[in-house]
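Data first, discussion second: the structure below is written as structure tokens.
Heavy-atom basis, side chains included; hydrogens, waters and symmetry copies ignored. Numbers for residues simply follow the sequence, beginning at 1.
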Amino acid sequence: MSFEERIIDTDGFPCVDLTDAEANLYARSGDAIAYVDGKGHIERFVYIRDIAKPDVEDAVNEALRHGNTWFGWCALPQFCAPRRLDKTSGVRRVLQVIFHA
């Protein structure tokens, strides 16, 4: 199952229910980049508040190189409002959140 197929609508709000393995990656609530493997499972989270402003460009480039990353926010047991990161809207949103944090 792809990550897109895992997105459910909860009263007009898109979320992905975390598996037990993914929940073990959860460190706290907050904005995060989810790195997704080829089977549609989250393999790690990078929390936005952990990215220092001087490291923003490197963090974004790493996410883009991975190729299957999503921006959203963690709220156990879900990854909420997931948006695919690409060179357009997703990256702009991440940059906005980091610079205003």
Self-check item: Under the salt bridge (Lys or Arg N to Asp or Glu O under 4.0 Å) test, residues paired with Glu4 that sit two or more places apart
Solution: Arg84
Exercise. Applying ring-ring contact (aromatic ring centres under 6.0 Å, His included), name anything that partners Tyr26, two or more places apart in sequence or on another chain.
Key: none
Quiz item: With the 4.5 Å side-chain cut-off for hydrophobic clustering, are Leu64 and Val36 part of the same group?
Solution: no
Per-pair distances, 0.1 Å, donor-acceptor, side chain in residues 27-34, under 3.5 Å, sequence neighbours excluded:
{"unit_1": "Arg28", "atom_1": "NH2", "unit_2": "Asp50", "atom_2": "OD1", "d": "2.6"}
{"unit_1": "Arg28", "atom_1": "NH2", "unit_2": "Asp50", "atom_2": "OD2", "d": "2.7"}

Practice problem: List for me each residue that meets side-chain hydrogen bond (donor to acceptor under 3.5 Å, both in side chains) alongside Trp70, sequence neighbours excluded, and say none if there are none. | Solution: Asn68
Quiz prompt | Pairwise side chain to side chain donor-acceptor pair (under 3.5 Å) hits with a residue in residues 7-17, at least two apart | solution = Asp17-Gln78
Quiz prompt | Listed partners of Glu5 passing side chain to side chain contact (heavy atoms under 4.5 Å, CB included), at least two apart | solution = Met1, Ser2
Exercise. Start with the C-alpha gap between Ile42 and Phe3, add the side-chain angles, then the distance that decides, and say whether side-chain contact (heavy atoms from CB on, under 4.5 Å) holds.
Key: CA-CA 8 Å; Ile42 297 169; Phe3 190 73; 3.8 Å; yes
Self-check item: Shortest non-hydrogen separation from Pro14 to Ile7 and the atoms involved
Solution: CB-CG2, 3.7 Å
Quiz item: Any chain of hydrophobic side-chain contacts (each under 4.5 Å) joining Ile48 to Val60?
Solution: yes
Practice problem: Among residues two or more places apart or on two chains, list those pairs meeting ring-ring contact (aromatic ring centres under 6.0 Å, His included) that have a residue in residues 36-65. | Solution: Phe45-Phe79
Quiz item: Does anything in residues 33-44 pair up under salt bridge (charged side-chain N to carboxylate O under 4.0 Å, His left out), and if so which pairs, sequence neighbours excluded?
Solution: Arg44-Glu62
Self-check item: By side chain to side chain contact (heavy atoms under 4.5 Å, CB included) - contacts of Pro77 (at least two apart)
Solution: none
Quiz item: If every non-hydrogen atom of Leu18 is compared with every non-hydrogen atom of Ala23, which pair is closest and at what distance?
Solution: CB-N, 4.1 Å
Self-check item: Side-chain (Asp55) to main-chain (Ile51) donor-acceptor, under 3.5 angstrom
Solution: no
Self-check item: side chain to side chain contact (heavy atoms under 4.5 Å, CB included) partners of Ala21, counting only residues at least two apart
Solution: Thr19
Quiz item: More than 12 heavy atoms of other residues, nucleotides or ligands under 6.0 Å from CG of Asp20: is that the case?
Solution: no
